[in-house]
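Lettering of chains follows the sequences in order, A, B, ..., and the numbering in each one begins at 1.
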Amino acid sequence: MEKEPELQITENITEVMKIRRQKLEKLKASGENPFKAKFTRTNFIEDVIQEFGMVEPGEQTGKVVTVAGRIMVIRRHGKASFMVIKDRTGSIQLFLSMGVLGEERYKEFLDYDIGDIVGVTGKVFKTKRGELSINIESYTLLTKSLRPLPEKWHGLKDVETRYRQRYVDLIINPQTRQTLLARTKIVKAIREWLDNHNFIEVETPMLQPIAGGAAAKPFITHHEALGINLYLRIAPELYLKRLIVGDLERVYELNRNFRNEGLSVRHNPEFTMLEVYQAYADYKDMMDLCEELVKYAARQAVGSLKLVYQEQPVDLSGEWQRLTMVESIEKYGGLKISFNQNLDELRAVAKEHGIDAEDHWGKGKLINELFEKLVEGKLWQPTFITDYPTEISPLAKTKPDDPDVTERFELIIIGLEVGTAFSELTDPIDQLQRFEAQVKLHEYGDEEAPRQVDEDYVRALEYGMPPTGGLGIGIDRLVMLLTDNYSIREVISFPHMRPEARD
RNA sequence: GGGCCGUUAGCUCAGCUGGUAGAGCACCGGACUUUUAAUCCGGGUGUCGAAGGUUCGAAUCCUUCACGGCUCACCA
């Protein structure tokens with residue numbers, strides 16, 4: 001029998017870690033619990049600053065407060081020393097003196113390390129140099145920290161460590177904290193707006209027997225008891241529309257989608273999507289809704305509609321530009337094209353622009369490729385692109401006067417697709433045909449096309465779905481825009497990474 | 001998946017044309033009762049990402065691999 005490898009919790013015990021473990025043992029031996037269960041504070045640090053920030057340098061307020069937080073700085077000065085601790089609301093200086101604490105307790109406190117979490121009680125005062133401080137009268141160690149934090153001046157810069165050990169990133173880099181807090185504000189604002197407009201938030205399956213509602217390669221998982229494969233959803237769309245068939249009229253879901261595709265600065269395998277459905281509305285209503293919603297989120301989270309993204313101004317105020325796809329190709333690509341041209345002509349134009357067309361591509365797909373190649377990246381200011389080709393919009397209603405295109409738009413900002421919406425296809429017979437066409441694409445080897453017709457969805461449509469507008473917004477990308485982050489990984493608390501290398 | 005770049009102390013980084021690894025902060029010991037990146041004195045704590053190869057000698061040159069970043073492809 002092979003010998004079990006010894007369980008090793010930490011890979012390398014460094015000198016600093018050894019010393020901290022020794023301190024831990026010493027504390028335990030002296031009867032101290034270095035990992036306490038609870039601590040009651042009278043104030044957040046921000047409150048103390050609010051209340052006493054204006055007192056004069058040198059002034060003693062006599063006011064006793066109890067605060068708690070992580071030690072960030074220690075300045076030992078002989079018989080009187082300083083520390084800085086921070087809690088969720090801010091940071092404040094602690095003043096420790098042998099005179100107040102007594103020699104033993106003073107020395108014990110000075111033996112604590114940067115990173116330790118303490119609770120302290122003392123009188124608020126301001127030093128001669130004008131630094132608001134707490135003159136510590138009693139203290140308790142709440143949590144002993146066993147690893148050294150990155151240095152105070154340069155902080156933690158290594159991107160890999162920042163993503164893998166986001167907890168350290170959050171302790172050290174205020175910017176990371178701000179981005180994640182902005183994210184929750186944005187999400188909260190979106191829910192608020194929708195709730196205020198009579199939409200109800202619902203939850204639909206993440207585990208789906210057929211991964212539908214988008215064109216993407218799904219993750220496959222397995223249900224043991226049922227003995228079947230399931231897919232992690234690539235979109236909630238088809239279930240949300242079932243709820244519209246069920247006469248809920250206004251629903252939204254703000255949650256994760258999973259797509260088994262490459263990673264990039266704009267793509268994470270799991271990402272957060274908002275989908276909104278409104279009965280008796282069409283894509284134009286959704287355009288208005290989308291514009292209002294994004295503006296509301298920006299105002300709530302950023303406080304302004306005039307943004308800067310990667311040093312370029314982005315102005316969300318005013319009416320957003322609206323262009324059809326074909327118009328945009330002429331305006332931004334300088335290329336006049338139309339569905340009236342025949343397929344070979346369009347194929348030739350695409351080839352001129354370096355697009356490698358596949359045999360089964362039709363006019364719509366070619367035009368969309370041209371749009372993506374020539375236009376999308378240039379749309380920096382918010383722009384709605386409408387009249388998406390039917391060929392690439394299997395779930396949208398075609399325009400009554402032009403079967404080549406659909407009642408659909410995409411919202412492009414900073415060259416990124418932030419949202420898409422359409423007048424939902426409600427005709428079950430048309431829907432079935434489009435599903436069948438998609439399945440055929442899968443058989444051609446398109447792994448992003450569904451491999452199976454969602455017959456239950458068609459059945460639902462047969463009961464009758466009211467005219468409905470549907471909207472999807474990529475929340476991560478919206479957060480990137482509003483927080484001026486270039487990489488999607490910055491706006492995701494734990495972005496996907498390969499497993500850490502083991503040596 | 002392709003291309004380019006990177007990986008050196010806990011952190012941030014230097015290390016030239018190959019000569020046996022260095023700074024600041026952190027840490028350890030000492031001094032200091034109002035400091036502010038405190039200061040002063042003393043101490044370098046390292047599998048130079050990993051494995052091979054070339055060489056008298058490799059952090060440095062070559063190959064492969066791992067991880068990361070950017071980019072192209074992919075991705076409505």
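Between A/F409 and A/F384, the two ring planes are perpendicular [angle over 60°; tilted spans 30° to 60°].
Each of A/E424, A/E253, A/E275 was evaluated against A/K241; a single residue qualifies, A/E424, per the salt bridge (charged side-chain N to carboxylate O under 4.0 Å, His left out) test.
For a distance-only test at 3.5 Å, the side chain of A/E151 qualifies as a donor-acceptor partner of the base of B/rG24. For B/rU34, its base never sits under 3.5 Å from the side chain of A/E131 at any donor and acceptor pair. Taking only distance into account, the side chain of A/T127 meets the base of B/rU35 through a donor-acceptor pair shorter than 3.5 Å.
When the side-chain nitrogen and oxygen atoms of A/R129 are compared with OP1 and OP2 of B/rU36, one or more of them lie within a distance under 4.0 Å. Remark: A/K152 is in phosphate contact with B/rA38, judged by side-chain N or O atoms under 4.0 Å from OP1 or OP2. Taking only side-chain nitrogens and oxygens, A/R75 never comes nearer than 4.0 Å to OP1 or OP2 of B/rU35. Contact annotation: A/R76 does not reach the phosphate of B/rU39 (side-chain N/O to OP1 or OP2, under 4.0 Å). For A/R498, a side-chain nitrogen or oxygen approaches OP1 or OP2 of B/rG68 to under 4.0 Å. OP1 or OP2 of B/rG68 sits under 4.0 Å from a side-chain N or O of A/R164. Phosphate proximity of B/rC70 to A/R489: present, with a side-chain N or O under 4.0 Å from OP1 or OP2.
Across all strands shown, B/rU45 forms a Watson-Crick or G-U wobble pair with B/rA26, both key distances being under 3.5 Å. Nucleotide B/rA76 is matched to nothing when pairs are restricted to Watson-Crick or G-U wobble geometry with both distances under 3.5 angstrom. When both pairing distances are held under 3.5 Å, B/rG68 makes a Watson-Crick or G-U pair with B/rC5.
Atom NZ of A/K128 and atom P of B/rU33 are 13 Å apart (whole Å). Rounded to whole Å, atom C1' of B/rC74 lies 16 Å from atom CG of A/N268.
Counting non-hydrogen atoms under 4.0 angstrom, A/I19 reaches the backbone sugars and phosphates but no base.
A distance of about 48 Å separates the P atoms of B/rA73 and B/rA37, rounded to the whole Å.
A cation-pi arrangement is present between A/R105 and A/Y139, with the terminal nitrogen or guanidinium carbon under 6.0 Å from the aromatic centre and inside a 45° cone about the axis.
For RNA chain B, the neighbouring residues in residues 363-394 of chain A, judged by any heavy atom under 4.0 Å, are A/E372, A/I392.
Heavy-atom neighbours of A/K23 NZ from other residues, nucleotides or ligands within 6.0 Å: above the threshold of 12.
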